[in-house]
Protein chains: 2
Amino acid sequence: MTRWLDEDEQRAWLRLAGVMLKLSPALDSQLQRDSDLTHFDYLCLAMLSEAEGRSLRMSELASRTNASLSRLSHVVSKLERRGLVARCPSPESRRVTLVSLTDDGWERLVEAAPGHVETVRSLVFEGLPAADVAALERIAGHIVEHVEASRLRTVE
Amino acid sequence: MTRWLDEDEQRAWLRLAGVMLKLSPALDSQLQRDSDLTHFDYLCLAMLSEAEGRSLRMSELASRTNASLSRLSHVVSKLERRGLVARCPSPESRRVTLVSLTDDGWERLVEAAPGHVETVRSLVFEGLPAADVAALERIAGHIVEHVEASRLRTVE
DNA sequence: GACAGACACTTGATGCTTCAATCATTTTTC
DNA sequence: GAAAAATGATTGAAGCATCAAGTGTCTGTC
């Protein structure tokens, strides 16, 4: 017996679906136009830039960018071809690959950041009360946790 | 001079990006596995099913599903090939195309709905306080509005 | 110390999304 | 009432994401 969504849930859900369908392309579009980067490309560079030694193992970067290892591998290959990122084998274990941000990658990130941050601010935070910023963090965190938990359940 | 995000905004933003990166594939994956439909396919069928006469013009369906006309056109072509949807010229104006849900499309939607709704409930609403449901609707609505407004600005 | 399984990652094929260009129709402007 | 602009929709090419299958490495376990 299906438990359908009530009216409030229905409205909230349609709006959230709207965010996924509209915000994602909007971010990609601005970054693509101004910096020839995908939003996901940007996220990879940003996560590397904040990591110790500007370098992370593939699986750690995948986890920090919320991506599958497969998706990340394709994207890192592309970024490597463009010279924004470099791969090298880990000294610790031969099945581990380390990715690091190159100087060119760092520069590209620094150039792209202001425009991207402005876009995020204007699309998400402009006019959003502080209480809603907190709520957004709480709710989005809740959803991400549930998705991760369900993935573990179905993989088993 | 860039106005960077403060710490609270930063955390909220990373979590929201996580939702877009993880929730969307999770929905696609369940629907694909159980009903051979994309989440966007589902949305199209669902919007048609609720429309008067189970039929809408392309541009109206695009607007209700938050998609570009181009994306919709490709997807409708695919759904039409599979017999879930039919196109016909509008009697009102010759540049308008009407899309309508076929009986097969209706059946497919009815079969897919319970599993999809269960997934949405378990990933989004399970354990989410009613106050947060309202906040989600408000915040997501705020974001969608801003994205739409910015699109209008850049198109001009 | 060999073998089964787990782990880290890569690859190739397929289908989806976007962008830019296009076409036909309708409306506006002069 | 023609020309110009706007609207509604489609198309093809290029780039992305996903899935399933693969490679190589490491870790038990007997």
Side-chain angles (χ1 to χ4, degrees), chain A residues 20-34 36-44 56-82 85 87-99 151-152 154-156, chain B residues 20-34 36-44 56-82 85 87-99 151-152 154-156:
Chain A
M20 297 192 295
L21 286 160
K22 279 201 138 87
L23 180 55
S24 214
L27 295 169
D28 277 330
S29 179
Q30 180 272 322
L31 277 168
Q32 200 70 253
R33 174 167 46 77
D34 297 341
D36 193 27
L37 291 173
T38 306
H39 178 226
F40 185 72
D41 295 344
Y42 180 92
L43 215 56
C44 291
L56 288 171
R57 40 158 67 191
M58 289 290 287
S59 45
E60 181 58 26
L61 182 55
S63 143
R64 295 195 192 184
T65 55
N66 292 295
S68 68
L69 212 36
S70 165
R71 176 180 188 181
L72 183 65
S73 183
H74 283 293
V75 168
V76 165
S77 295
K78 181 191 67 177
L79 296 175
E80 194 177 26
R81 275 198 303 279
R82 296 195 195 161
V85 127
R87 266 194 257 237
C88 67
S90 164
E92 314 224 327
S93 162
R94 283 196 293 179
R95 58 183 168 172
V96 170
T97 301
L98 297 175
V99 210
R151 252 195 87 269
L152 291 182
T154 57
V155 164
E156 274 162 14
Chain B
M20 296 192 295
L21 287 160
K22 281 202 138 87
L23 179 54
S24 215
L27 295 169
D28 277 330
S29 178
Q30 179 272 322
L31 277 168
Q32 199 71 253
R33 175 167 47 78
D34 296 342
D36 193 25
L37 290 173
T38 307
H39 178 225
F40 184 72
D41 294 343
Y42 180 91
L43 216 55
C44 290
L56 289 171
R57 41 159 64 192
M58 288 292 287
S59 45
E60 181 57 28
L61 182 55
S63 144
R64 294 196 193 184
T65 56
N66 293 294
S68 68
L69 212 36
S70 165
R71 176 179 189 181
L72 183 65
S73 184
H74 283 293
V75 168
V76 165
S77 295
K78 182 190 67 177
L79 296 176
E80 194 177 26
R81 275 198 302 280
R82 296 195 195 161
V85 126
R87 266 194 258 237
C88 67
S90 163
E92 314 225 327
S93 163
R94 282 196 294 179
R95 59 182 169 175
V96 170
T97 302
L98 297 176
V99 210
R151 251 196 86 268
L152 291 181
T154 58
V155 164
E156 274 161 16

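- Taking CG from A:Leu98 and CD from A:Glu92, the interatomic distance works out to 8.0 Å, rounded to the nearest 0.5 Å.
- Listed for the A:Thr38 side chain is no donor-acceptor partner under 3.5 Å among the backbone atoms of A:Phe40.
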* Under the side-chain contact (heavy atoms from CB on, under 4.5 Å) rule, what do A:Thr65 and A:Arg71 come out as? Steps first, then yes or no, please. => CA-CA 11 Å; A:Thr65 55; A:Arg71 176 180 188 181; over 6 Å; no
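- No donor-acceptor pair under 3.5 Å is formed between the side chain of B:Ser73 and the backbone N or O of B:Leu69.
- Listed nucleotides D:dA9, D:dC19, D:dC26 differ in distance to A:Arg94; the shortest reach to its side chain belongs to D:dC26.
- Atom CE of B:Met58 is separated from atom P of D:dT7 by 18 Å (rounded to the nearest Å).
- Within 4.0 Å of B:Ser73, counting heavy atoms only, lies at least one base atom of the nucleic acid.
- Among the atoms of the strands shown, base atoms are found under 4.0 Å from some heavy atom of A:Ser70.
- Residue B:Arg33 is out of contact with every strand shown, counting any heavy-atom pair closer than 4.0 Å.
- Computed from coordinates, the B:Arg71 CZ to D:dA9 P distance equals 17 Å when rounded to whole Å.
- Contact between the side-chain N/O atoms of B:Arg95 and the OP1/OP2 oxygens of D:dT10 is not found at any separation under 4.0 Å.
- Between A:Lys78 and D:dC16 there is a side-chain N or O to OP1 or OP2 distance below 4.0 Å.
- If you find the closest nucleotide of DNA chain D to A:Thr38 and to A:Glu92, the one lying nearer the 5' end belongs to A:Thr38.
- Straight-line distance from the CG atom of A:Leu69 to the P atom of D:dT18: 13 Å, rounded to whole Å.
- The residue among A:Leu21 and A:Leu98 whose nearest nucleotide of DNA chain C is located toward the 5' end is A:Leu98.
- Taking every nucleotide of DNA chain C with any atom under 4.0 Å from a non-hydrogen atom of chain B, the first and last of them, 5' to 3', are C:dC16 to C:dT26.
- Among all heavy-atom pairs drawn from A:His39 and A:Asp28, the shortest one is N-OD1, 2.7 Å.
- Remark: A:Ser93 is in phosphate contact with D:dC26, judged by side-chain N or O atoms under 4.0 Å from OP1 or OP2.
- Both A:Leu72 and A:Pro25 lie close to DNA chain C; mapped to their nearest nucleotides by heavy-atom distance, the more 5′-ward contact belongs to A:Leu72.
- The CG-P distance, from A:Asn66 to D:dA17, rounds to 14 Å in whole Å.
- Position along DNA chain D of the nearest nucleotide to B:Asp28 versus A:Asp36 favours A:Asp36 as the more 5'-ward residue.
- When the P atom of D:dT10 is taken as reference, atom CG of B:Leu61 falls 11 Å away, rounded to whole Å.
- Side-chain atoms of B:His74 and base atoms of D:dG12 include a donor and an acceptor less than 3.5 Å apart.
- Minimum heavy-atom separation, B:Leu72 to B:Met58: CD2-O, 3.1 Å.
- In this structure, B:Lys78 NZ and B:Glu80 CD are separated by 13.0 Å, a value rounded to the nearest 0.5 Å.
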